[in-house]
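Order of the sequence lines sets the chain letters (A, B, ...), proteins ahead of strands, with each chain counted from 1.
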Amino acid sequence: MGMKAISKLKSMMPPSLSRHCSHTPTASRNAANHPPSSLLDDFTRFCYQRDLPRAIRAMDAMQRLGLHADAVTYSELIKCCLSRRAIAEATLVRNHIFSGGYEPKTFLVNTLINMYVKFDHLEEAQALFDQMTERNVVSWTTMISAYCNVKLNDKALKLMVLMIRDGVRPNMFTYSSVLRACDSLFNLGQLHCGIFKAGLDSDVFVRSALIDIYAKWGELRCALCVFGEMVTGDSVVWNSIIGAFAQNNDGDGALNLFKRMKRAGFQADQPTLTSVLRACTGLALLELGTQVHVHVLKYDQDLILNNALLDMYCKCGSLEDAKSVFDRMVEKDVISWSTMIAGLAQNGYSREALNLFELMKVSGTKPNYITILGVLFACSHAGLVEDGWYHFRSMKNVYKIDPGREHFGCMIDLLGRAGKLDEAIKLIDEMEYEPDAIIWRPLLDACRVHQNMDVAEYAAKQVLNLDPEDAGTYILLSNIYANSQRWEDVAEVRKNMRERGVRKEPGCSWIEVNKQIHAFILGDSSHPQIVEINRQLNLLIHKLREVGYIPDTSFVLRDLEGEQKDDSIRYHSEKLAIAFGLMSLSRGKTIRIRKNLRICGDCHIFAKLTAKVENRTIVIRDPIRYHHFQDGICSCGDYW
DNA sequence: ATAGGGTTAG
């Protein structure tokens, strides 16, 4: 059929139909010197060759002639714009596609929407979506997942409701994105029901999304249920469940699942190793963590994995290894710097932490909320009041970070430890926040160190008003009264505790020997070698007495949340763990202990003397910080 | 054309 014949045919069509044709009669007349068919061919070729400038030029000519190509060609062009981040060109393409009253297919509009989402132009994407006359499951899912990615959970959930009302059934793509938007266990349950009804519960994407969201809501049992229904193996689902346990501080659970994963024949990849390292971090398993390090070397460019490795070494008290990982990292982000700064500070190297913060500023990485917490922690544990004030003020002025409750808590800790209780109280008064436990607790700690009974009593009562379950504070309050021989008040506190059913957590210490964890719990003699351990402990105490050790049971006010006086200081769990470490770890090996309560003054002296007499390095990690005992002194400078 | 897993404090 000749060109004239086509024109004739088209001119007979109603205008609404002829708009959809690739060229109009006017167009073919104007294109006498450039046949439309070859223009279209050129355009198609340029698109597939990814020759963006030429494709755009051809498109321009087509637009002047009112020509349109097919949807697949346009989607090639859009891919090309995306890969070059060519936003201006992308907009030209969009305008061209809608020019001349042309109505693109749903498929093509979806591609355009997706393009704007990837360019982070959600308003444009939403505008296109709103204009659509026919929205399919892909259109809806693209928008929903876009809102999930920017954490506009409300919008995502609302769109899902509208989608269902519109008669479009969500598919596995929709569910695997929208699950992240759950803002309550209730709507999570509803979505899970929908998944069951649609028969999508066996999809691995849906499954891993379910595990992940249940874990985020702390529902490990539900996560395990979803995981347990898995028939076909999938490494991402494994990573989801291992991550679920690691993130909920169940390191044991994470490590057990990791073993099962390996037995099931799956290779550990970056997310697996990251979660395993996090589990080691939580359990203070330096030996296992070091073993994992070997496998990390395969992925030595992975930033997140290196950050997890760095944190593991910091939290296991192995600063030399941490520093070498940090120095070797080719890429460092705000988390790497923050981890290293906090790690140095918690291990007692405050000056180094502050020096590193200066380096961080020079490096061009902007500190965040958490970085500053590490910096203030460093100041408070080194008694650097002036530096503390300087950084506290500069966070708002220089970095535009509003100080949060935690930052005030750190400042109160800093002032309180330095004996400036008045200034600390003044800061609480000036603070715009309503004081809570994060504020009162450091004040209480300061009272403990500086033996200020009146303020301590006040602060303790404030903490208990806010958290009537806080065992450590009851103990402290009771000890404060005991110290002033206020026995009736002591009895009253104990009665309150009993009535509320508050029980003090027993002191517990852990030590890793040959990749096995040995736990020592106060008053528990179930360790198979307990007789030998006690013998060793008695010998040690005898040796220490010779160099002047006197068991001190008077650490009343020094023991805020530590094991209590009447727990019999002699059997505090870390003493047993130290004795066990001495007998089972070869000479020259560092004894590393993790415990659940803060170390008491007597155990602190005990550890210092043991380190000297036995010529050992001892590291004790308590819930807040680390003590490196060496040659009779501790890295905390007796200031904790 | 649309989807899932990992890191700092508390």
Side-chain angles (χ1 to χ4, degrees), chain A residues 71-72 74-75 78-79 82 105-115 117-118 135-146 148-149 170-180 200 203-213 215 226 234-244 246-247 249 254 261 268-279 281 296 299 302-312 314-315 329 332-343 345-346 367-377 404-407 409-410 437-438 441 623-624:
Chain A
V72 180
Y74 285 128
S75 79
I78 290 167
K79 270 188 227 160
L82 262 176
K105 291 181 184 142
T106 305
F107 156 80
L108 186 52
V109 184
N110 285 344
T111 310
L112 280 170
I113 293 178
N114 181 41
M115 175 188 80
V117 168
K118 296 227 168 90
R135 303 177 186 100
N136 65 13
V137 60
V138 177
S139 333
W140 287 99
T141 302
T142 306
M143 289 312 299
I144 289 173
S145 112
C148 288
N149 285 337
N171 63 11
M172 55 273 259
F173 290 81
T174 324
Y175 279 115
S176 53
S177 347
V178 83
L179 277 167
R180 266 183 303 151
L200 296 170
D203 182 82
V204 286
F205 284 79
V206 173
R207 199 187 290 275
S208 58
L210 272 171
I211 292 172
D212 200 52
I213 189 72
V226 174
D234 179 89
S235 66
V236 177
V237 179
W238 276 107
N239 287 341
S240 302
I241 194 70
I242 294 171
Q247 285 151 42
N249 293 319
M261 176 184 181
D269 60 6
Q270 297 96 311
T272 329
L273 294 173
T274 307
S275 295
V276 169
L277 281 172
R278 180 164 170 166
T281 307
V296 172
Y299 309 106
D302 192 302
L303 178 61
I304 298 179
L305 187 48
N306 275 312
N307 284 343
L309 183 68
L310 177 64
D311 193 39
M312 186 277 292
C314 285
K315 295 239 164 53
M329 283 170 71
K332 297 182 183 81
D333 66 357
V334 63
I335 295 184
S336 329
W337 289 97
S338 308
T339 304
M340 195 67 231
I341 290 169
Q346 287 170 324
N368 67 12
Y369 191 95
I370 296 170
T371 320
I372 307 290
L373 280 180
V375 171
L376 294 180
F377 188 93
R405 282 200 154 78
E406 287 101 332
H407 297 100
C410 271
I438 291 175
R441 233 181 278 270
I624 305 285

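When heavy atoms are screened at a 4.0 angstrom cut-off, A:Asn306 is found touching no nucleic acid atom at all. Among the heavy atoms of the strands lying under 4.0 Å from A:Thr274 is at least one base atom, whether or not backbone atoms are also near. Here A:Leu305 lies in heavy-atom contact (under 4.0 Å) with a base. Within the nucleic acid shown, A:Lys315 comes within 4.0 Å of sugar-phosphate atoms alone, with no base atom in reach, counting heavy atoms only.
Of the candidate nucleotides B:dA3, B:dG6, B:dA1, B:dA3 has the atom lying nearest to any side-chain atom of A:Phe205. Of the candidate nucleotides B:dA3, B:dG4, B:dG6, B:dA3 has the atom nearest to the side chain of A:Ser145. Among the nucleotides B:dT8, B:dT2, B:dG6, the one closest to any side-chain atom of A:Ile335 is B:dT8. The A:Pro271 side chain lies nearest to B:dG6 when the options are B:dT8, B:dT2, B:dG6. Here the nucleotide nearest the side chain of A:Met172, chosen from B:dT2, B:dG6, B:dA3, is B:dA3. Considering only the side chain of A:Phe173, B:dA3 comes nearest among B:dT7, B:dA3, B:dG4. Of the candidates B:dA9, B:dG6, B:dG4, the closest approach to any side-chain atom of A:Val236 belongs to B:dG4. The side chain of A:Thr111 approaches B:dA1 more closely than any other nucleotide in the set B:dA9, B:dG6, B:dA1. Distances from the side chain of A:Gln270 to the nucleotides B:dG6, B:dA9, B:dG4 place B:dG6 closest. Of all nucleotides listed (B:dA1, B:dA9, B:dT2), B:dA1 comes nearest to the side chain of A:Asn110.
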Quiz item: Yes or no on side chain to side chain contact (heavy atoms under 4.5 Å, CB included) for A:Asp311 and A:Leu277, after CA distance, side-chain angles and deciding distance?
Solution: CA-CA 9 Å; A:Asp311 193 39; A:Leu277 281 172; over 6 Å; no

Practice problem: Run the numbers on A:Ile304 and A:Ile335 for side chain to side chain contact (heavy atoms under 4.5 Å, CB included), then give the verdict. | Solution: CA-CA 9 Å; A:Ile304 298 179; A:Ile335 295 184; over 6 Å; no

Self-check item: A:Gln346 and A:Lys315: CA distance, side-chain angles, deciding distance, side chain to side chain contact (heavy atoms under 4.5 Å, CB included) verdict
Solution: CA-CA 9 Å; A:Gln346 287 170 324; A:Lys315 295 239 164 53; 4.2 Å; yes

Quiz item: Between A:Ser75 and A:Thr111, is a side-chain hydrogen bond (donor to acceptor under 3.5 Å, both in side chains) present by the stated rule, with each step listed?
Solution: CA-CA 7 Å; A:Ser75 79; A:Thr111 310; 5.4 Å; no

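In terms of phosphate contacts, A:Arg207 brings no side-chain nitrogen or oxygen within less than 4.0 Å of OP1 or OP2 of B:dG4. Contact annotation: A:Asn114 reaches the phosphate of B:dT2 (side-chain N/O to OP1 or OP2, under 4.0 Å). Contact annotation: A:Lys118 side-chain N/O to B:dT2 OP1/OP2 distance is under 4.0 Å.
Atom C1' of nucleotide B:dA3 and atom CD1 of A:Ile213 are separated by 15 Å, given to the nearest angstrom. The separation between A:Asn249 atom CG and B:dT8 atom P is 10 Å, rounded to whole Å. Remark: P of B:dA3 and CE of A:Met143 are 13 Å apart, rounded to the nearest angstrom. Taking atom CZ of residue A:Arg135 and atom C1' of nucleotide B:dA1, one finds them 16 Å apart after rounding to whole Å. Nucleotide B:dT8 holds its C1' atom 15 Å from the CG atom of A:Leu376, rounded to whole Å. Nucleotide B:dT2 holds its P atom 12 Å from the CG atom of A:Asn171, rounded to whole Å. For the pair A:Leu277 CG and B:dT7 P, the computed distance is 11 Å after rounding to whole Å. Atom-to-atom, CH2 of A:Trp337 to P of B:dT8 comes out at 19 Å; the value is rounded to the nearest Å.
With hydrogens and angles ignored, no donor-acceptor pair closer than 3.5 Å exists between the side chain of A:Ser177 and the base of B:dA3. For a distance-only test at 3.5 Å, the side chain of A:Asp269 fails to qualify as a donor-acceptor partner of the base of B:dG6. Judged by distance alone with a 3.5 Å cut-off, a donor-acceptor contact links the side chain of A:Ser208 to the base of B:dG4. Evaluation of atom-type donor-acceptor distances gives a pair under 3.5 Å for the side chain of A:Asn136 against the base of B:dA1. Side-chain N/O atoms of A:Asn307 and base N/O atoms of B:dG6 include no donor-acceptor pair closer than 3.5 Å.
Using modelled atom types and a 3.5 Å distance limit, the side chains of A:Ser336 and A:Asn307 yield a donor-acceptor pair. Judged by distance alone, the side chains of A:Arg135 and A:Asn110 never bring a donor and an acceptor atom under 3.5 Å apart.
In this structure, A:Ile242 CD1 and A:Leu273 CG are separated by 9.5 Å, a value rounded to the nearest 0.5 Å.
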